[in-house]
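Computed from heavy atoms alone, side chains included, the values below leave out hydrogens, waters and symmetry copies.
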Amino acid sequence: MATRRPNFVFVLTDDQGYGDLGCHGNNAINTPNLDRFHGDAVRFTDFHVGTTCAPTRSGLLTGHFCNSAGVWHTIGGRSLLREDEWTLADALREAGYRTGQFGKWHLGDSQPFRPHERGFERAVYHNGGGIGNIGDAWGNDYFDDTYFVNGVPTKFEGYCTDVFFREGLRFIEQHRDEPFYCHISTNAPHGPLNVEPHYAAAYAGSTPHEDRARFYGMITNIDDNFGLLLRRLDELGLADNTIVVFMTDNGTATGVELDAHGFPQEGPGSFNAGMRGKKGSPYDGGHRVPFLLRYPGAGANGGRDVGQLTSYVDFMPTILDLCGVTPPEHRSFHGSSLTPLLRGDYDGAWGERILVADTQRIANPAKWRLSSVMRGPWRLVHGLELYDLRGDPGQRNDIAAEHPDVVAELRAGYEQWWELVSEQFDRDVPMVIGQDAEPVRLTTHDMRNEACNGAWNQRQVREGYVAGGYWAIDVRRAGSYRIELRRWPEDAGYALDAGIDGDDIEWRRDAIQEQHAPHYSGGVALPIGWAALTVGGRSYHAETPSGDTAAAFEVDLQTGPDRLSAAFHDRIERTIGSYYVTIHPTGR
């Protein structure tokens, strides 16, 4: 064990904020295992990520700012991690690690973006940004769901968080005698807030509403599973030689109420550690998150704080450094290894670095949009508002007029950052067609349009959400393809013009709020009359007889980049983007 490279276990939760932990001062939530881990970990107390799910994940796994990696939204084809990015899983696998990913991925559902194509040898994951998104197995509701195992739909028993930790522990036990990287990324506590009733009931009297009780209950379930993970590492004799990291992907989504200016309305069952803003905000509450790291074998334990400004782009170089993996010369990072800070080396250079967090969530990035430029305690928000967190941690007093020199320096730092991340804006991130014989499945989760407003979850499919657009594709093999357009997922088997009257699947009513019932039952009929496909410089049209489940086209494609548009047209002259598209190489 003394000569073996350390193992690495990474637990990343979804939409849990800095204030959603007991150890950070939240007296309403019950997180005893995470609190104990906090007491024995090195705690990076000024650590910043993206303000939403996919952007953070892209930066953590590449060491590059999300906008540069092609990921600045959660839908609309802007959550796809560039194919040529070298991921943390790639690096560790190349160094001899066994690599496994369990849970949320959210960096692409189609080839070549899936986790088992990005360095993870075993991946158990759901599609999209959450369970029940459009690419997921039809009817997934967090309980006894079907997830993808290296791309193959597979049924699992149990609650989603329990499943992902259980599969992660199985992977650890299988590879206990060799270095491993186990990546457990829960979809919880992301909405819809489905959870076993007893977890929510524990908070019924201490939170202001049911959403908060369910949200906290989901976090307590994570805490229970995290405790099981730590105990099993101890039992296997792996704890000392295992780097364990706990982190969240952005500010809280449901843990606090804000006023019209983004200031927290804290009180019983509502807490954000005093920070302004939450998920999606350029204020610290949107992007400052917990980063807890324990590695006893290197002295990174015992409970101490590191207060220097740090970022998600530092994560990959730090982990590679701790694992003794030297990147090839042609690989570089936008961040730096934090191992000097782990050793207590706090030289002044750390206080001078400028970092940026922003929220784009539009088709093409816009300069200064929802941005925070950070240097030490300074925050320049929107390029205009200046805050000094030393005396104003809640970002209430804009002092830009009093410090024009600081504003100018931070604006100059942003300009340098923008020049760096914008170098690749014109490079598209296409789906790959014809790389092998496996069909390629596209959904409107990744459909492109200027508003980024395609249907991205199954409720929208049921409601007949109307939007149009295209998919960016790259044809790797010239030849013939069969392209099938569907209004309902293939595994549901419904006709193009069919509706769903009432429940069509089994779902856990006792664990799901009534307001979320439309995710799992019913569906409007669309009077679809014909289908249209445009690809390869040609347009195709076909009538869709009542009762057909798909409209199919046989097309010949040449190699190279292209755009694919697929839509249905109904009898009231609406154009409806095909929710599901399957592309089969035919070999003709």
Side-chain angles (χ1 to χ4, degrees), residues 1-12 18 21-25 33-49 59-60 63 88 91-92 95 179 181 226 230 233-234 238-248 273 275 284 287-327 332-355 357 374-379 388-391 393 413:
M1 185 72 78
T3 59
R4 196 178 98 181
R5 280 178 165 163
N7 311 305
F8 175 41
V9 178
F10 182 30
V11 176
L12 179 69
Y18 189 91
L21 287 168
C23 53
H24 286 162
N33 294 297
L34 285 163
D35 295 348
R36 280 192 293 271
F37 183 72
H38 175 275
D40 193 34
V42 176
R43 306 173 293 250
F44 292 86
T45 60
D46 199 11
F47 185 82
H48 297 262
V49 295
L60 290 171
L88 178 58
L92 290 179
Y181 165 25
F226 190 75
L230 295 182
L233 289 173
D234 280 333
L238 298 174
D240 282 351
N241 199 45
T242 298
I243 304 160
V244 178
V245 169
F246 175 84
M247 190 185 298
T248 74
M275 291 186 293
D284 268 32
H287 47 85
R288 178 183 167 218
V289 300
F291 176 14
L292 312 178
L293 183 151
R294 189 189 74 180
Y295 177 19
N301 64 329
R304 57 187 173 89
D305 292 337
V306 173
Q308 276 66 27
L309 179 68
T310 50
S311 166
Y312 65 154
V313 296
D314 301 325
F315 182 75
M316 181 171 173
T318 301
I319 298 303
L320 293 185
D321 202 358
L322 291 173
C323 291
V325 177
T326 302
S332 62
F333 304 113
H334 295 156
S336 303
S337 172
L338 302 178
T339 53
L341 299 182
L342 288 170
R343 295 193 302 264
D345 184 359
Y346 299 158
D347 68 53
W350 291 99
E352 297 305 313
R353 68 195 311 225
I354 291 177
L355 297 170
M374 300 172 281
R375 189 187 69 193
W378 295 103
R379 302 289 186 269
D388 183 349
L389 301 191
R390 287 170 294 192

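Partners of Asp305 according to the salt bridge (charged side-chain N to carboxylate O under 4.0 Å, His left out) rule, which considers only residues two or more places apart in sequence or in another chain, are Arg43. Residues satisfying the side chain to side chain contact (heavy atoms under 4.5 Å, CB included) test with Ile354, not counting sequence neighbours, are Val373, Arg375, Leu410. Listed by chain and number, the residues in a side-chain hydrogen bond (donor to acceptor under 3.5 Å, both in side chains) with Arg294 amount to none (sequence neighbours excluded). In this view, Trp378 and His403 satisfy the ring pair (Phe, Tyr, Trp, His ring centres under 6.0 Å) rule, not counting sequence neighbours. With sequence neighbours excluded, the residues forming a ring pair (Phe, Tyr, Trp, His ring centres under 6.0 Å) with His38 are His24, listed by chain and number. With sequence neighbours excluded, no residue forms a side-chain hydrogen bond (donor to acceptor under 3.5 Å, both in side chains) with Asp40. Residues passing the ring pair (Phe, Tyr, Trp, His ring centres under 6.0 Å) test with Phe37, sequence neighbours excluded: Phe226. Under the side chain to side chain contact (heavy atoms under 4.5 Å, CB included) criterion, Val313 pairs with Phe65, Ser311, His334, not counting sequence neighbours. With sequence neighbours left out, the salt bridge (charged side-chain N to carboxylate O under 4.0 Å, His left out) criterion links Arg379 to Asp46, Asp284. For Asp35, the side chain to side chain contact (heavy atoms under 4.5 Å, CB included) partners at least two apart in sequence or on another chain are Cys23, Thr31.
The minimum heavy-atom distance between Phe315 and Leu60, with the atom names listed, is CD2-O, 3.4 Å. Pro377 and Arg390 make their closest contact through CG-NE, 3.4 Å (heavy atoms, listed as atom of the first residue, atom of the second, distance).
In this structure, the side chains of Phe10 and Leu88 stay at 4.5 Å or more apart for every pair of heavy atoms. Looking at Val306 and Leu342, their side chains never come closer than 4.5 Å, going by heavy atoms from C-beta outward.
When atom types are taken as modelled, the side chain of Arg353 and the backbone of Leu309 share a donor-acceptor pair closer than 3.5 angstrom.
Rounded to the nearest 0.5 angstrom, Leu292 CG and Met247 CE are separated by 8.5 Å. From Leu355, atom CG reaches atom NE2 of His48 across 8.0 Å, with rounding to the nearest 0.5 Å.
Only one option out of Tyr18, Phe44, Tyr312, Phe246 pairs with Phe291 in a side chain to side chain contact (heavy atoms under 4.5 Å, CB included); it is Phe44.
Within the structure, the salt bridge (Lys or Arg N to Asp or Glu O under 4.0 Å) test picks out no pair touching residues 337-346 (sequence neighbours left out).
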For this session: Could you walk me through whether His287 and Met374 pass the side chain to side chain contact (heavy atoms under 4.5 Å, CB included) test, one step at a time?
Result: CA-CA 11 Å; His287 47 85; Met374 300 172 281; 3.8 Å; yes
For this session: Could you go through the side chain to side chain contact (heavy atoms under 4.5 Å, CB included) check for Asn7 and Leu238 one step at a time?
Result: CA-CA 8 Å; Asn7 311 305; Leu238 298 174; 4.0 Å; yes
Give every donor-acceptor pair under 3.5 Å between a side-chain atom in residues 316-326 and any protein atom, sequence neighbours left out.
from	atom 1	to	atom 2	distance (Å)
Thr318	OG1	Asp314	O	2.6
Thr318	OG1	Leu338	N	2.8
Asp321	OD2	Ser337	OG	2.7
Asp321	OD2	Thr339	OG1	2.7

